[in-house]
Amino acid sequence: MKNNFYITTPIYYVNDIPHLGHAYTSFVADTISRYKRLSNFDVYFTTGTDEHGQKVENSARDKNINTLEFTDKVSARFKDLCSKLKLTNNDFIRTTESRHKNKVQKIWNKLIDNNEIYLGNYEGWYSIRDECFINESDIKINKDNERIGPSLDKLKKVQEPSYFFKLSKWQKPLLDFYKKNKNFVKPVSRFNEVKSFVENGLEDLSISRTSFKWGIKVPKNDEHIIYVWLDALFNYISVLEDNLENKYWPADIHIVGKDILRFHAIYWPAFLLATGYEIPKSIYAHGWWTINGEKMSKSLGNVIDPNYLVDTYGIDQVRYFLLKEIPFGQDGNFSEELLVNRINSDLANDFGNLVQRVLTMIQKYNNGNIPKADNLNENDLSLIELPKNIYDINNVQMNNYQFNIMLENIWKIIRSANSYVDNNEPWNLHKNNNLKRLNNVLYTLVNTIYKITILLQPFLPESSKKIFHMLKQKEEISFSEIKNDIKEGVKLEKSHPIFPRFDKKDLKI
Ligand code: ME8
(Lines give C-alpha, C1' and ligand atoms only; values in the text may rest on other atoms or scores of the structure.)
Protein backbone atom coordinates (compact mmCIF):
# COMPACT_ATOMS: atom_id res chain seq x y z
CA MET A 1 0.00 0.00 0.00
CA LYS A 2 1.23 3.46 -0.87
CA ASN A 3 1.45 6.23 1.71
CA ASN A 4 -0.71 9.26 1.01
CA PHE A 5 0.73 12.73 0.63
CA TYR A 6 -1.43 15.85 0.33
CA ILE A 7 0.25 19.10 -0.75
CA THR A 8 -1.22 22.52 -1.57
CA THR A 9 -0.25 25.93 -2.91
CA PRO A 10 -2.06 29.04 -1.71
CA ILE A 11 -5.08 29.89 -3.80
CA TYR A 12 -4.15 33.08 -5.60
CA TYR A 13 -6.18 36.29 -5.63
CA VAL A 14 -7.74 37.10 -8.96
CA ASN A 15 -7.42 40.87 -8.63
CA ASP A 16 -4.71 40.65 -11.28
CA ILE A 17 -3.01 38.16 -13.60
CA PRO A 18 -0.33 35.70 -12.37
CA HIS A 19 3.30 36.69 -12.00
CA LEU A 20 6.60 34.93 -11.38
CA GLY A 21 6.02 34.79 -7.59
CA HIS A 22 2.94 32.62 -8.13
CA ALA A 23 4.78 30.47 -10.65
CA TYR A 24 7.54 29.97 -8.08
CA THR A 25 5.26 28.62 -5.33
CA SER A 26 3.52 26.37 -7.86
CA PHE A 27 6.81 25.06 -9.28
CA VAL A 28 7.97 24.22 -5.76
CA ALA A 29 4.77 22.34 -4.92
CA ASP A 30 5.01 20.52 -8.24
CA THR A 31 8.64 19.55 -7.60
CA ILE A 32 7.74 18.11 -4.19
CA SER A 33 4.73 16.31 -5.69
CA ARG A 34 6.84 14.70 -8.40
CA TYR A 35 9.57 13.79 -5.91
CA LYS A 36 7.03 12.07 -3.66
CA ARG A 37 5.37 10.24 -6.56
CA LEU A 38 8.75 8.95 -7.71
CA SER A 39 9.27 7.80 -4.10
CA ASN A 40 6.08 5.75 -4.42
CA PHE A 41 3.68 8.04 -2.49
CA ASP A 42 0.06 8.46 -3.49
CA VAL A 43 0.16 12.24 -3.97
CA TYR A 44 -2.71 14.71 -4.11
CA PHE A 45 -1.66 18.19 -5.19
CA THR A 46 -4.07 21.13 -5.32
CA THR A 47 -3.99 24.78 -6.30
CA GLY A 48 -6.61 27.34 -7.33
CA THR A 49 -7.94 30.86 -7.05
CA ASP A 50 -9.23 33.01 -4.18
CA GLU A 51 -12.00 35.06 -5.75
CA HIS A 52 -13.97 36.86 -3.05
CA GLY A 53 -13.38 39.98 -0.98
CA GLN A 54 -13.12 43.68 -1.36
CA LYS A 55 -9.81 43.67 -3.24
CA VAL A 56 -11.25 41.56 -6.08
CA GLU A 57 -14.54 43.48 -6.08
CA ASN A 58 -12.65 46.79 -6.37
CA SER A 59 -10.44 45.49 -9.21
CA ALA A 60 -13.49 44.44 -11.21
CA ARG A 61 -15.12 47.81 -10.57
CA ASP A 62 -11.95 49.67 -11.65
CA LYS A 63 -12.00 47.74 -14.92
CA ASN A 64 -15.74 48.30 -15.35
CA ILE A 65 -16.47 44.60 -15.63
CA ASN A 66 -19.10 42.52 -13.90
CA THR A 67 -17.37 40.85 -10.94
CA LEU A 68 -18.18 37.26 -11.87
CA GLU A 69 -17.10 37.81 -15.47
CA PHE A 70 -13.89 39.40 -14.20
CA THR A 71 -13.10 36.52 -11.83
CA ASP A 72 -13.85 33.97 -14.58
CA LYS A 73 -11.36 35.69 -16.85
CA VAL A 74 -8.54 36.08 -14.35
CA SER A 75 -9.03 32.65 -12.81
CA ALA A 76 -8.68 31.19 -16.33
CA ARG A 77 -5.27 32.89 -16.58
CA PHE A 78 -4.13 31.08 -13.44
CA LYS A 79 -5.51 27.80 -14.75
CA ASP A 80 -3.77 28.36 -18.10
CA LEU A 81 -0.52 28.91 -16.23
CA CYS A 82 -0.86 25.44 -14.68
CA SER A 83 -0.92 23.93 -18.19
CA LYS A 84 1.81 26.20 -19.43
CA LEU A 85 4.10 25.16 -16.57
CA LYS A 86 2.97 21.51 -17.01
CA LEU A 87 2.07 21.28 -13.34
CA THR A 88 0.80 17.93 -12.13
CA ASN A 89 -1.93 19.31 -9.86
CA ASN A 90 -4.84 16.92 -9.32
CA ASP A 91 -7.44 19.65 -8.92
CA PHE A 92 -7.88 23.40 -9.30
CA ILE A 93 -10.39 24.96 -6.91
CA ARG A 94 -12.16 28.29 -7.33
CA THR A 95 -13.81 29.77 -4.26
CA THR A 96 -16.75 30.85 -6.44
CA GLU A 97 -17.63 27.19 -7.13
CA SER A 98 -20.66 25.82 -5.32
CA ARG A 99 -18.72 22.86 -3.87
CA HIS A 100 -16.63 25.41 -2.00
CA LYS A 101 -19.41 27.84 -1.05
CA ASN A 102 -21.53 25.01 0.40
CA LYS A 103 -18.63 23.74 2.46
CA VAL A 104 -17.86 27.20 3.88
CA GLN A 105 -21.49 27.73 4.87
CA LYS A 106 -21.48 24.33 6.60
CA ILE A 107 -18.33 25.35 8.44
CA TRP A 108 -20.02 28.56 9.52
CA ASN A 109 -22.97 26.60 10.93
CA LYS A 110 -20.58 24.32 12.76
CA LEU A 111 -18.85 27.33 14.33
CA ILE A 112 -22.26 28.63 15.45
CA ASP A 113 -23.25 25.19 16.84
CA ASN A 114 -19.95 24.98 18.72
CA ASN A 115 -20.49 28.46 20.18
CA GLU A 116 -17.32 29.80 18.60
CA ILE A 117 -18.91 32.93 17.12
CA TYR A 118 -20.72 36.00 18.51
CA LEU A 119 -22.21 39.11 16.92
CA GLY A 120 -20.63 42.47 17.82
CA ASN A 121 -19.40 45.67 16.25
CA TYR A 122 -16.05 46.22 14.58
CA GLU A 123 -14.28 49.51 14.65
CA GLY A 124 -10.77 49.74 13.28
CA TRP A 125 -8.49 50.00 10.26
CA TYR A 126 -8.60 47.60 7.32
CA SER A 127 -5.96 46.84 4.68
CA ILE A 128 -7.68 45.96 1.42
CA ARG A 129 -4.36 44.90 -0.11
CA ASP A 130 -3.76 42.32 2.62
CA GLU A 131 -7.48 41.69 3.26
CA CYS A 132 -7.07 42.02 7.03
CA PHE A 133 -7.65 44.31 9.96
CA ILE A 134 -4.50 46.00 11.15
CA ASN A 135 -3.68 46.37 14.87
CA GLU A 136 -2.96 49.90 16.11
CA SER A 137 0.63 48.86 16.88
CA ASP A 138 1.25 47.88 13.22
CA ILE A 139 -0.09 51.14 11.75
CA LYS A 140 2.38 53.70 10.40
CA ILE A 141 1.84 57.25 9.12
CA ASN A 142 3.03 58.15 5.59
CA LYS A 143 4.36 61.50 4.37
CA ASP A 144 0.82 62.67 3.56
CA ASN A 145 -0.18 61.99 7.16
CA GLU A 146 -2.29 58.96 6.18
CA ARG A 147 -2.43 55.65 8.03
CA ILE A 148 -0.67 52.83 6.17
CA GLY A 149 -0.36 49.10 6.91
CA PRO A 150 2.64 46.71 6.79
CA SER A 151 2.22 46.42 2.99
CA LEU A 152 2.39 50.24 2.78
CA ASP A 153 -1.17 50.64 1.46
CA LYS A 154 -3.56 53.32 2.70
CA LEU A 155 -5.82 51.85 5.37
CA LYS A 156 -9.59 52.17 5.38
CA LYS A 157 -11.55 53.04 8.51
CA VAL A 158 -14.22 50.42 9.16
CA GLN A 159 -17.10 50.71 11.57
CA GLU A 160 -19.76 48.06 11.12
CA PRO A 161 -21.62 45.18 12.77
CA SER A 162 -19.54 42.04 12.56
CA TYR A 163 -19.46 38.46 13.73
CA PHE A 164 -16.39 37.58 15.77
CA PHE A 165 -14.55 34.29 16.07
CA LYS A 166 -13.38 33.60 19.62
CA LEU A 167 -9.73 33.44 18.63
CA SER A 168 -8.50 34.54 22.08
CA LYS A 169 -9.58 31.30 23.70
CA TRP A 170 -7.34 29.31 21.37
CA GLN A 171 -4.11 30.94 22.50
CA LYS A 172 -3.16 28.20 24.96
CA PRO A 173 -4.25 25.25 22.77
CA LEU A 174 -2.22 26.74 19.90
CA LEU A 175 0.88 27.18 22.04
CA ASP A 176 0.49 23.60 23.32
CA PHE A 177 0.14 22.40 19.74
CA TYR A 178 3.27 24.28 18.64
CA LYS A 179 5.20 22.76 21.56
CA LYS A 180 4.21 19.23 20.60
CA ASN A 181 4.70 19.72 16.85
CA LYS A 182 8.19 21.08 16.51
CA ASN A 183 8.18 20.83 12.71
CA PHE A 184 4.80 22.45 12.19
CA VAL A 185 6.28 25.58 10.59
CA LYS A 186 9.49 25.75 8.61
CA PRO A 187 11.93 27.46 8.51
CA VAL A 188 12.46 27.50 12.30
CA SER A 189 13.04 31.27 12.41
CA ARG A 190 9.56 31.85 11.02
CA PHE A 191 8.07 29.39 13.50
CA ASN A 192 9.64 31.44 16.30
CA GLU A 193 7.97 34.60 14.95
CA VAL A 194 4.60 32.82 14.96
CA LYS A 195 5.08 31.57 18.51
CA SER A 196 6.03 34.96 19.89
CA PHE A 197 3.06 36.57 18.14
CA VAL A 198 0.71 34.11 19.83
CA GLU A 199 2.48 34.40 23.19
CA ASN A 200 1.75 38.15 23.08
CA GLY A 201 -1.97 37.39 23.18
CA LEU A 202 -4.71 36.93 20.58
CA GLU A 203 -7.73 39.14 20.10
CA ASP A 204 -11.03 37.81 18.81
CA LEU A 205 -11.18 37.99 15.04
CA SER A 206 -13.77 39.83 12.97
CA ILE A 207 -15.05 37.27 10.47
CA SER A 208 -17.83 39.01 8.60
CA ARG A 209 -18.29 42.27 6.70
CA THR A 210 -21.40 44.24 5.78
CA SER A 211 -19.95 47.08 3.68
CA PHE A 212 -19.63 45.16 0.42
CA LYS A 213 -21.33 42.22 -1.27
CA TRP A 214 -18.77 40.08 -3.11
CA GLY A 215 -18.42 36.96 -1.04
CA ILE A 216 -20.17 34.01 0.59
CA LYS A 217 -23.24 35.03 2.55
CA VAL A 218 -23.49 34.27 6.25
CA PRO A 219 -26.27 31.65 6.62
CA LYS A 220 -29.48 33.15 8.01
CA ASN A 221 -28.08 36.69 8.04
CA ASP A 222 -27.28 37.62 4.47
CA GLU A 223 -26.43 41.23 5.22
CA HIS A 224 -23.09 39.74 6.26
CA ILE A 225 -20.39 38.37 3.98
CA ILE A 226 -18.00 35.77 5.39
CA TYR A 227 -14.45 37.13 5.87
CA VAL A 228 -12.38 36.25 2.81
CA TRP A 229 -9.64 34.44 4.78
CA LEU A 230 -12.11 32.18 6.60
CA ASP A 231 -13.63 31.46 3.19
CA ALA A 232 -10.27 30.94 1.43
CA LEU A 233 -8.48 28.76 3.98
CA PHE A 234 -11.21 26.13 3.82
CA ASN A 235 -10.41 25.56 0.13
CA TYR A 236 -7.86 23.04 1.38
CA ILE A 237 -10.73 20.88 2.58
CA SER A 238 -13.53 21.81 0.16
CA VAL A 239 -11.34 20.69 -2.75
CA LEU A 240 -11.32 17.17 -1.28
CA GLU A 241 -14.70 15.89 -2.44
CA ASP A 242 -16.34 12.56 -1.58
CA ASN A 243 -13.92 10.09 -0.03
CA LEU A 244 -10.86 12.25 -0.72
CA GLU A 245 -11.25 14.13 2.57
CA ASN A 246 -10.95 10.88 4.55
CA LYS A 247 -8.09 9.78 2.41
CA TYR A 248 -5.93 12.90 2.37
CA TRP A 249 -6.83 15.20 5.28
CA PRO A 250 -4.87 16.38 7.26
CA ALA A 251 -2.60 17.88 4.59
CA ASP A 252 1.06 16.92 4.75
CA ILE A 253 2.22 20.35 3.71
CA HIS A 254 0.90 23.76 2.77
CA ILE A 255 3.46 25.69 0.71
CA VAL A 256 2.98 29.44 1.22
CA GLY A 257 4.93 32.68 0.94
CA LYS A 258 6.05 34.30 4.19
CA ASP A 259 3.49 37.09 3.61
CA ILE A 260 0.62 34.80 4.52
CA LEU A 261 2.17 32.67 7.24
CA ARG A 262 0.20 34.24 10.09
CA PHE A 263 -3.10 33.28 8.45
CA HIS A 264 -1.93 29.70 7.96
CA ALA A 265 -0.10 29.08 11.22
CA ILE A 266 -2.48 30.88 13.63
CA TYR A 267 -6.00 31.47 12.25
CA TRP A 268 -6.16 28.27 10.24
CA PRO A 269 -5.31 25.82 13.06
CA ALA A 270 -7.66 27.77 15.37
CA PHE A 271 -10.51 27.46 12.84
CA LEU A 272 -9.76 23.76 12.52
CA LEU A 273 -9.67 23.16 16.27
CA ALA A 274 -12.95 25.04 16.60
CA THR A 275 -14.64 22.89 13.97
CA GLY A 276 -13.15 19.56 15.08
CA TYR A 277 -10.77 19.02 12.16
CA GLU A 278 -7.22 17.79 12.43
CA ILE A 279 -4.48 20.38 11.90
CA PRO A 280 -2.21 20.02 8.84
CA LYS A 281 1.13 18.37 9.50
CA SER A 282 3.32 21.21 8.27
CA ILE A 283 3.54 24.60 6.64
CA TYR A 284 6.55 25.85 4.73
CA ALA A 285 6.80 29.64 4.39
CA HIS A 286 9.20 30.54 1.61
CA GLY A 287 10.84 33.86 0.84
CA TRP A 288 10.10 36.45 -1.79
CA TRP A 289 11.46 37.11 -5.24
CA THR A 290 12.45 40.74 -5.35
CA ILE A 291 13.27 43.17 -8.14
CA ASN A 292 16.06 45.54 -7.21
CA GLY A 293 15.47 44.55 -3.59
CA GLU A 294 11.70 45.23 -3.59
CA LYS A 295 9.11 42.44 -3.30
CA MET A 296 7.69 41.49 -6.68
CA SER A 297 3.98 42.17 -6.33
CA LYS A 298 0.90 43.07 -8.32
CA SER A 299 0.28 46.07 -6.11
CA LEU A 300 3.79 47.48 -6.63
CA GLY A 301 3.57 46.92 -10.39
CA ASN A 302 7.07 45.41 -10.71
CA VAL A 303 6.01 41.94 -11.74
CA ILE A 304 7.64 39.55 -14.23
CA ASP A 305 5.39 37.56 -16.55
CA PRO A 306 6.18 33.83 -16.26
CA ASN A 307 4.67 33.29 -19.73
CA TYR A 308 7.35 35.48 -21.30
CA LEU A 309 10.13 33.64 -19.47
CA VAL A 310 8.81 30.18 -20.32
CA ASP A 311 8.21 31.09 -23.98
CA THR A 312 11.70 32.55 -24.29
CA TYR A 313 13.79 30.13 -22.23
CA GLY A 314 11.72 26.96 -21.69
CA ILE A 315 9.82 25.55 -18.70
CA ASP A 316 12.63 23.51 -17.21
CA GLN A 317 15.13 26.32 -17.59
CA VAL A 318 12.95 28.75 -15.59
CA ARG A 319 12.06 26.08 -13.05
CA TYR A 320 15.71 25.12 -12.59
CA PHE A 321 16.75 28.73 -12.08
CA LEU A 322 14.07 29.38 -9.45
CA LEU A 323 14.96 26.23 -7.51
CA LYS A 324 18.73 26.57 -7.80
CA GLU A 325 19.34 30.26 -7.43
CA ILE A 326 18.24 30.75 -3.80
CA PRO A 327 18.07 28.52 -0.73
CA PHE A 328 14.40 27.63 -0.25
CA GLY A 329 13.04 29.84 2.52
CA GLN A 330 15.12 32.92 1.72
CA ASP A 331 14.48 35.97 -0.47
CA GLY A 332 16.25 36.32 -3.81
CA ASN A 333 16.66 39.01 -6.41
CA PHE A 334 15.45 38.18 -9.92
CA SER A 335 17.16 39.35 -13.07
CA GLU A 336 17.04 38.00 -16.60
CA GLU A 337 20.81 38.17 -16.76
CA LEU A 338 21.18 35.84 -13.76
CA LEU A 339 18.71 33.48 -15.41
CA VAL A 340 20.70 33.39 -18.66
CA ASN A 341 23.98 32.89 -16.77
CA ARG A 342 22.53 29.93 -14.91
CA ILE A 343 21.09 28.34 -18.06
CA ASN A 344 24.34 28.74 -20.01
CA SER A 345 26.67 27.52 -17.28
CA ASP A 346 24.75 24.73 -15.55
CA LEU A 347 22.35 23.46 -18.19
CA ALA A 348 24.04 24.12 -21.54
CA ASN A 349 27.71 23.78 -20.52
CA ASP A 350 27.72 21.22 -17.73
CA PHE A 351 24.80 18.89 -18.23
CA GLY A 352 23.79 19.50 -21.84
CA ASN A 353 27.35 19.07 -23.05
CA LEU A 354 27.85 15.86 -21.11
CA VAL A 355 24.73 14.26 -22.58
CA GLN A 356 25.42 15.50 -26.06
CA ARG A 357 29.05 14.45 -26.29
CA VAL A 358 28.52 11.01 -24.73
CA LEU A 359 25.53 10.15 -26.91
CA THR A 360 27.31 11.43 -30.02
CA MET A 361 30.34 9.24 -29.26
CA ILE A 362 28.10 6.20 -28.82
CA GLN A 363 26.57 6.94 -32.24
CA LYS A 364 29.98 7.42 -33.79
CA TYR A 365 32.01 4.67 -32.13
CA ASN A 366 29.42 2.00 -31.43
CA ASN A 367 26.75 2.48 -34.06
CA GLY A 368 24.31 3.96 -31.52
CA ASN A 369 24.22 0.83 -29.34
CA ILE A 370 24.82 0.94 -25.59
CA PRO A 371 28.17 -0.87 -25.37
CA LYS A 372 28.73 -4.02 -23.34
CA ALA A 373 30.80 -3.53 -20.20
CA ASP A 374 33.50 -6.03 -19.37
CA ASN A 375 35.49 -5.90 -16.15
CA LEU A 376 34.95 -2.26 -15.14
CA ASN A 377 37.76 -0.72 -13.11
CA GLU A 378 37.52 1.07 -9.77
CA ASN A 379 37.11 4.54 -11.31
CA ASP A 380 34.30 3.34 -13.54
CA LEU A 381 32.48 1.69 -10.65
CA SER A 382 32.88 4.66 -8.33
CA LEU A 383 31.34 7.01 -10.93
CA ILE A 384 28.42 4.62 -11.42
CA GLU A 385 27.95 4.42 -7.62
CA LEU A 386 27.78 8.20 -7.16
CA PRO A 387 24.11 8.75 -8.13
CA LYS A 388 22.91 6.16 -5.61
CA ASN A 389 25.00 7.82 -2.86
CA ILE A 390 23.69 11.26 -3.79
CA TYR A 391 20.15 9.90 -3.84
CA ASP A 392 20.54 8.86 -0.18
CA ILE A 393 22.04 12.22 0.77
CA ASN A 394 19.34 14.14 -1.10
CA ASN A 395 16.59 12.21 0.65
CA VAL A 396 17.81 13.80 3.88
CA GLN A 397 17.95 17.29 2.30
CA MET A 398 14.38 16.75 1.13
CA ASN A 399 13.19 16.86 4.76
CA ASN A 400 13.94 20.58 4.67
CA TYR A 401 13.24 21.04 0.97
CA GLN A 402 16.75 22.36 0.29
CA PHE A 403 16.43 22.09 -3.49
CA ASN A 404 19.52 24.18 -4.24
CA ILE A 405 21.71 21.82 -2.21
CA MET A 406 20.10 18.77 -3.81
CA LEU A 407 20.81 20.21 -7.25
CA GLU A 408 24.35 21.13 -6.27
CA ASN A 409 24.86 17.51 -5.17
CA ILE A 410 23.60 16.23 -8.52
CA TRP A 411 25.90 18.68 -10.27
CA LYS A 412 28.84 17.13 -8.41
CA ILE A 413 28.10 13.93 -10.32
CA ILE A 414 27.78 15.84 -13.58
CA ARG A 415 31.15 17.51 -13.01
CA SER A 416 32.74 14.19 -12.09
CA ALA A 417 31.35 12.65 -15.26
CA ASN A 418 32.73 15.51 -17.35
CA SER A 419 36.17 15.07 -15.76
CA TYR A 420 35.93 11.34 -16.37
CA VAL A 421 35.42 12.04 -20.10
CA ASP A 422 38.45 14.34 -20.14
CA ASN A 423 40.62 11.89 -18.20
CA ASN A 424 39.70 8.83 -20.26
CA GLU A 425 39.77 10.53 -23.68
CA PRO A 426 37.45 8.09 -25.46
CA TRP A 427 38.42 9.68 -28.83
CA ASN A 428 42.00 8.47 -28.29
CA LEU A 429 40.81 5.02 -27.19
CA HIS A 430 38.96 4.86 -30.50
CA LYS A 431 41.91 6.14 -32.47
CA ASN A 432 44.20 3.54 -30.85
CA ASN A 433 41.65 0.81 -31.37
CA ASN A 434 41.46 0.09 -27.63
CA LEU A 435 37.88 -1.06 -28.05
CA LYS A 436 37.46 -2.95 -24.80
CA ARG A 437 38.39 0.12 -22.73
CA LEU A 438 36.35 2.38 -25.02
CA ASN A 439 33.26 0.25 -24.44
CA ASN A 440 33.76 0.31 -20.69
CA VAL A 441 34.18 4.09 -20.66
CA LEU A 442 31.13 4.73 -22.83
CA TYR A 443 29.05 2.25 -20.84
CA THR A 444 30.08 3.90 -17.57
CA LEU A 445 29.12 7.30 -18.95
CA VAL A 446 25.75 6.38 -20.41
CA ASN A 447 24.84 4.47 -17.25
CA THR A 448 25.78 7.50 -15.14
CA ILE A 449 23.75 9.85 -17.36
CA TYR A 450 20.79 7.48 -17.03
CA LYS A 451 21.04 7.58 -13.24
CA ILE A 452 21.60 11.34 -13.09
CA THR A 453 18.45 11.75 -15.16
CA ILE A 454 16.49 9.58 -12.71
CA LEU A 455 17.55 11.99 -9.96
CA LEU A 456 16.76 15.08 -12.01
CA GLN A 457 13.16 14.19 -12.90
CA PRO A 458 11.39 16.29 -10.22
CA PHE A 459 13.53 19.33 -11.08
CA LEU A 460 13.74 19.04 -14.88
CA PRO A 461 10.70 16.91 -15.79
CA GLU A 462 10.43 17.84 -19.46
CA SER A 463 14.14 17.50 -20.22
CA SER A 464 14.34 14.20 -18.31
CA LYS A 465 11.62 12.81 -20.55
CA LYS A 466 13.59 13.90 -23.63
CA ILE A 467 16.76 12.25 -22.34
CA PHE A 468 14.93 9.04 -21.43
CA HIS A 469 13.48 9.06 -24.94
CA MET A 470 16.97 9.27 -26.46
CA LEU A 471 18.07 6.47 -24.10
CA LYS A 472 15.05 4.36 -25.19
CA GLN A 473 13.60 4.28 -21.66
CA LYS A 474 10.13 4.79 -20.16
CA GLU A 475 8.99 8.43 -19.76
CA GLU A 476 9.33 8.27 -15.99
CA ILE A 477 11.48 6.01 -13.86
CA SER A 478 10.85 5.54 -10.16
CA PHE A 479 13.65 6.38 -7.72
CA SER A 480 13.83 2.78 -6.56
CA GLU A 481 15.38 1.90 -9.93
CA ILE A 482 18.46 4.01 -9.23
CA LYS A 483 20.28 0.88 -8.03
CA ASN A 484 19.73 -0.91 -11.34
CA ASP A 485 22.04 -0.36 -14.31
CA ILE A 486 20.97 0.60 -17.81
CA LYS A 487 20.65 -2.40 -20.12
CA GLU A 488 23.49 -3.08 -22.50
CA GLY A 489 23.02 -3.50 -26.22
CA VAL A 490 19.99 -1.19 -26.58
CA LYS A 491 20.00 0.86 -29.79
CA LEU A 492 19.67 4.53 -28.85
CA GLU A 493 17.57 7.18 -30.59
CA LYS A 494 19.49 9.82 -32.47
CA SER A 495 20.54 12.48 -29.98
CA HIS A 496 19.81 16.19 -30.21
CA PRO A 497 20.84 19.10 -27.96
CA ILE A 498 18.39 19.77 -25.10
CA PHE A 499 19.65 22.99 -23.56
CA PRO A 500 20.44 25.73 -26.09
CA ARG A 501 22.68 28.59 -25.02
CA PHE A 502 21.29 32.13 -24.86
CA ASP A 503 22.95 35.37 -25.78
CA LYS A 504 22.94 38.15 -23.21
CA LYS A 505 22.54 40.67 -26.04
CA ASP A 506 18.90 39.54 -26.34
CA LEU A 507 17.76 40.35 -22.79
CA LYS A 508 14.37 42.09 -22.74
CA ILE A 509 13.54 42.77 -19.08
O1 ME8 B 1 -2.27 35.87 -0.52
N2 ME8 B 1 7.89 35.98 -4.31
O3 ME8 B 1 -2.99 35.46 -2.68
P4 ME8 B 1 -1.87 36.20 -3.56
C5 ME8 B 1 7.55 34.71 -4.03
N6 ME8 B 1 -5.31 34.65 -1.80
N7 ME8 B 1 6.27 34.28 -3.95
C8 ME8 B 1 5.31 35.18 -4.17
C9 ME8 B 1 5.59 36.52 -4.47
C10 ME8 B 1 6.96 36.91 -4.53
N11 ME8 B 1 7.33 38.14 -4.83
N12 ME8 B 1 4.42 37.17 -4.63
C13 ME8 B 1 3.43 36.25 -4.45
C14 ME8 B 1 -3.08 35.44 -1.31
N15 ME8 B 1 3.97 35.05 -4.17
C16 ME8 B 1 -4.32 34.70 -0.80
C17 ME8 B 1 -3.92 33.31 -0.33
S18 ME8 B 1 -4.51 30.87 0.65
C19 ME8 B 1 -5.78 30.21 1.50
C20 ME8 B 1 -5.04 32.50 0.23
C21 ME8 B 1 3.23 33.80 -3.93
O22 ME8 B 1 -2.38 36.20 -4.96
C23 ME8 B 1 3.45 33.34 -2.49
O24 ME8 B 1 3.13 31.98 -2.39
O25 ME8 B 1 -1.50 37.49 -2.96
C26 ME8 B 1 2.42 34.14 -1.74
O27 ME8 B 1 2.14 33.64 -0.45
C28 ME8 B 1 1.25 34.03 -2.68
O29 ME8 B 1 1.83 34.07 -4.00
C30 ME8 B 1 0.25 35.18 -2.48
O31 ME8 B 1 -0.65 35.19 -3.53
Side-chain angles (χ1 to χ4, degrees), residues 7-30 32 46-56 59 71 74-75 77-78 81 85 92-96 100 103-104 107 127-132 150-151 153 185 190 215 226-239 251 253-269 271-272 280 283-306 318 321-323 325-335 401:
I7 178 168
T8 66
T9 73
I11 48 168
Y12 306 113
Y13 285 128
V14 291
N15 61 314
D16 211 339
I17 57 175
H19 63 71
L20 191 64
H22 303 119
Y24 176 58
T25 313
S26 296
F27 267 143
V28 165
D30 187 63
I32 300 172
T46 66
T47 185
T49 42
D50 184 356
E51 307 192 11
H52 293 131
Q54 209 162 355
K55 169 149 112 172
V56 171
S59 295
T71 54
V74 185
S75 176
R77 297 289 294 267
F78 279 92
L81 187 67
L85 303 182
F92 182 101
I93 179 119
R94 301 182 56 190
T95 55
T96 45
H100 175 74
K103 186 77 188 184
V104 171
I107 292 293
S127 159
I128 296 178
R129 184 176 293 173
D130 291 338
E131 289 285 15
C132 73
S151 295
D153 58 328
V185 174
R190 299 251 154 75
I226 297 175
Y227 176 41
V228 64
W229 273 100
L230 174 60
D231 160 350
L233 285 162
F234 274 94
N235 90 84
Y236 299 133
I237 294 181
S238 66
V239 71
I253 186 162
H254 294 312
I255 305 290
V256 299
K258 63 181 179 179
D259 44 330
I260 56 173
L261 177 59
R262 201 176 284 182
F263 300 96
H264 283 82
I266 303 173
Y267 300 168
W268 180 222
F271 293 152
L272 292 168
I283 298 167
Y284 199 109
H286 66 67
W288 288 336
W289 283 98
T290 58
I291 299 284
N292 302 322
E294 267 200 295
K295 183 190 174 202
M296 187 187 303
S297 88
K298 297 176 259 203
S299 318
L300 293 175
N302 59 352
V303 296
I304 305 281
D305 178 4
V318 177
F321 171 80
L322 296 173
L323 295 170
E325 197 66 14
I326 52 168
F328 189 51
Q330 296 180 20
D331 291 351
N333 206 48
F334 178 85
S335 86
Y401 305 107

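Numbering of ligands and ligand atoms starts at 1, following listing order.
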inquiry  = Students should find this: residues with any non-hydrogen atom under 4.0 Å from ligand 1. What is the answer?
reply    = Pro10, Ile11, Tyr12, Tyr13, His19, Gly21, His22, Thr25, Asp50, Trp229, Ala232, Leu233, Asn235, Tyr236, Gly257, Asp259, Ile260, His264, His286, Gly287, Trp288, Trp289, Lys295, Met296, Lys298
request  = Salt-bridge test for Asp130 and Lys55: reply yes if a basic N is under 4.0 Å from a carboxylate O, no otherwise.
outcome  = no
inquiry  = Students often mix this up, so state it plainly: with edges at 30° and 60°, are the rings of Tyr267 and Phe263 parallel, tilted or perpendicular?
reply    = perpendicular
inquiry  = Regarding Asp50 and Arg94, does a basic nitrogen lie under 4.0 Å from an acidic carboxylate oxygen?
reply    = no
request  = Would you check if there is a donor-acceptor pair between the side chains of Asn333 and Thr290 at a distance under 3.5 Å?
outcome  = yes
key: Donor on one side chain, acceptor on other, Ser151 and Arg129, under 3.5 Å   = no
key: ring pair (Phe, Tyr, Trp, His ring centres under 6.0 Å) partners for Phe321, two or more places apart   = Trp289, Phe334
